Amino acid sequence: MAIDRRDFLKIAATTALISFPMISKAITQSKGRIVVIGGGYAGATAAKYLRSWSNGSLDVIMVEPRTQFVSCPLSNLVLGGTKNINELTFGYDMLKSNHGIQWVSDEVVAIDTSDRVVKMKRGELAYDRLIIAPGIDFMYEQLPVLQSEEAQLAVPHAWKAGVQTVNLRKQLESMKDGGVFVISIPKAPYRCPPGPYERVSQVAFYLKNHKPNSKIIVLDANAEIISKKGLFTKVWAEMYAGMIDYRPNSSVVDVDVVAKTVKTEFESVRADVLNVIPPQRAGKIAQIAGVANVDKRWCEVDFLTYESKIIPNVHLIGDSVSAALPKSAHMATSQARVCANAIVALMSNQLPDSAPVFANTCYSYVSDKMAMHVANVYRYDPNKKIMVSAEGGGVSEKPSELEGNYAQAWAKNIWSDVLT
Amino acid sequence: MDQFKQMINCKNVHKFYRLTHRYLLVFVGFFVFSLNVYADEVQISSSHIQTLAASCAACHGSQGNSVGGTSVLAGLDASHLVLQMMSFRNGSRSSTVMHRHAKGLTVEEINALAVYFSEQKRVSALIPPSQLLEQ
């Protein structure tokens with residue numbers, strides 16, 4: 001049996017060979033410390049691949065106060081009634097132990113980017129390079145009434161999967177037949193472009209089967225459906241005929257939480273179940289670090305390394321990045337790997353890959369079993385210095401059960417890759 | 001790339017030609033020609049391909065070891081994977097989504113990905129256990 005270098009080191013580590021100074025140096029001497037803030041799709045992937053691609057030569061410390069990973073992808077199926085939130089909830093044990101990722105369960109309060117120190121509630125961490133994977137934050141200054149926990153109990157966003165998803169499902173279960181579900185969609189960019197329209201389809205699927213006299217009003221701040229438009233339009237007309245009232249250019253300007261009424265610039269709409277998805281920006285940690293330099297919302301990065309354009313040694317990945325790229329889980333993992341690969345090179349004083357390429361596939365479920373995709377390959381354009389869509393990208397011709405099966409496989413495989 | 005040249009020139013591919021339709025024969029023949037030209041001129045770095053290959057993990061698992069529901073790519077014969085990708089690309093094999101990825105990649109990338117996946121060990125994919133959501 002051939003033994004490669006990595007196997008040799010593993011064997012050496014478990015035998016007396018470890019006492020040889022050269023080998024023990026190879027095992028123990030770190031090439032640097034990378035701190036990753038945020039254990040979502042992007043951060044967890046970056047941590048894993050940094051360890052793996054550096055052959056363990058980089059110390060990786062994850063700062064994540066939450067003990068559970070709850071998948072946003074598939075969480076709309078909880079609203080449709082075909083998934084339970086527990087099927088989308090995972091721990092980090094396998095990720096930590098399989099890759100030797102150090103874990104700090106603490107909350108970041110400040111980042112000193114000149115001295116390269118992350119300050120947390122209970123301690124500090126110095127870093128050589130920092131990856132911030134903060135996800136999204138809601139711009140409650142635009143809808144201050146929704147900021148409190150009580151308000152969100154009555155009017156959940158359910159745009160970060162978890163207790164709010166369960167809450168929204170319970171509200172739908174309690175709604176009378178003939179009730180009105182109102183959903184407000186913020187202006188793009190926001191997390192998961194097709195997500196709100198998938199949610200409308202899932203709620204329609206549930207209502208059609210259990211409360212067929214009910215209605216759905218979609219208040220979209222955008223001028224039109226911004227993802228898979230033709231497909232969603234057709235599905236709503238054919239599968240859920242007469243149920244969905246889609247109103248474009250409808251920005252919610254105020255919410256009456258008690259009366260479950262929303263105001264747009266044109267009208268007041270009363271709901272039995274109200275789901276307001278607020279406008280979004282890069283997550284709080286990006287704001288704390290001062291790297292959200294685009295409209296004070298999103299983070300401008302170098303697409304070869306995902307290093308911030310304004311603060312050195314700080315990398316941003318996932319939904320927080322300002323880019324003409326969909327804010328999806330697959331995209332977050334793809335960005336995370338390019339970032340990890342670049343950091344491994346940089347920490348060995350090598351140049352990063354000069355032309356990264358990656359793929360994105362997003363499925364949307366329109367019923368319990370049928371799904372449809374949008375898929376693209378993206379490659380780095382050295383002139384524009386951004387990632388651009390390659391030839392061949394596009395959407396399904398129609399939703400199908402076959403793609404529904406592939407969507408389940410997508411979820412299981414991405415969870416396996418990110419969390420083990 | 002030497003390994004790939006060797007593989008492309010090997011008997012397996014010629015055997016496969018005899019079993020395929022005429023148009024595929026012509027197509028693969030063209031491809032072998034273009035690959036040989038490519039192999040002498042362009043080098044794709046291993047870290048570039050490793051990163052691109054990892055982008056396939058969302059559907060095909062870590063290092064191509066799918067948990068199920070999609071093809072296992074780890075340890076797959078490289079010429080077989082190239083043929084499938086080129087068939088998705090030219091539409092001779094129908095697909096739901098793979099034609100999008102096959103068209104978005106260059107022939108060089110497809111070749112290098114096929115070699116990369118053929119070299120990966122086939123192992124049982126790990127599945128993270130689900131948990132009760134903490135309220």
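The shown structure was predicted, so the numbers you read here are calculated from the model rather than taken from an experiment. We name chains A, B, ... by the order of the sequence lines, and we start the count at 1 in each one.
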Toward chain B, the part of [X] with a non-hydrogen atom under 4.5 Å:
X        : result
A:Phe69  : neither
A:Tyr363 : side chain
A:Val166 : side chain

Residue pair [X] / [Y], side-chain heavy-atom distance below 4.5 Å:
X        : Y        : answer
B:Arg100 : A:Glu391 : no
A:Asn98  : B:Leu126 : yes
A:Phe90  : B:Pro129 : no
A:Trp53  : B:Gln50  : yes

Which residues in residues 410-420 of chain A have any heavy atom lying under 4.5 Å from a heavy atom of chain B?
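Residues of residues 410-420 of chain A touching chain B at under 4.5 Å: A:Trp410, A:Lys412, A:Asn413, A:Ile414, A:Trp415, A:Ser416, A:Asp417, A:Leu419, A:Thr420.
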May I ask you to name which of [options] has the most heavy-atom pairs under 4.5 Å with chain B?
options                                : value
A:Asn376, A:Val374, A:Val163, A:Val357 : A:Val357
A:Arg379, A:Lys48, A:Met94, A:Glu403   : A:Arg379
A:Val377, A:Val70, A:Asn86             : A:Asn86
A:Ser396, A:Ala375, A:Pro352, A:Ala329 : A:Ala375

Answer with yes or no whether the side chains of B:His101 and A:Thr361 bring together a donor and an acceptor at under 3.5 Å.
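Yes, a side-chain donor-acceptor pair sits under 3.5 Å.
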Quick one: [atom1] on [X] to [atom2] on [Y], what's the gap to the nearest 0.5 Å?
X        : Y        : atom1 : atom2 : answer
B:Leu133 : A:Thr89  : CG    : OG1   : 4.5 Å
B:Gln131 : A:Tyr92  : CD    : OH    : 10.0 Å
B:Ser45  : A:Asp353 : OG    : CG    : 5.0 Å
B:Ser47  : A:Leu351 : OG    : CG    : 11.0 Å

Which residue out of [options] racks up the most heavy-atom pairs below 4.5 Å with chain A?
options                              : value
B:Gly61, B:Ala57, B:Cys56            : B:Ala57
B:Ser62, B:Ala58, B:Gly104, B:Ala102 : B:Ala58
B:Pro128, B:Gly69, B:Gly68           : B:Pro128
B:Thr70, B:Leu132, B:Ile127          : B:Leu132

Does [X], at its [atom1] atom, have more than 12 non-hydrogen atoms belonging to other residues, nucleotides or ligands within less than 6.0 Å?
X        : atom1 : value
A:Lys369 : NZ    : no
B:Gln135 : CD    : yes
A:Lys160 : NZ    : yes

Please assess A:Tyr406 against B:Thr96 for the test side-chain contact (heavy atoms from CB on, under 4.5 Å), listing each intermediate value before the final yes or no.
CA-CA 9 Å; A:Tyr406 284 141; B:Thr96 55; 3.5 Å; yes
Please check this pair: side chain of A:Arg337 against backbone of B:Leu52, looking for a donor-acceptor N/O pair closer than 3.5 Å.
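Pair absent, no side-chain N/O of A:Arg337 close to backbone of B:Leu52.
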Examine whether an atom of B:Ser95 lies under 4.5 Å from a heavy atom of chain A, and if so say whether it belongs to the side chain, the backbone or both; otherwise answer neither.
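Neither part, no heavy atoms under 4.5 Å.
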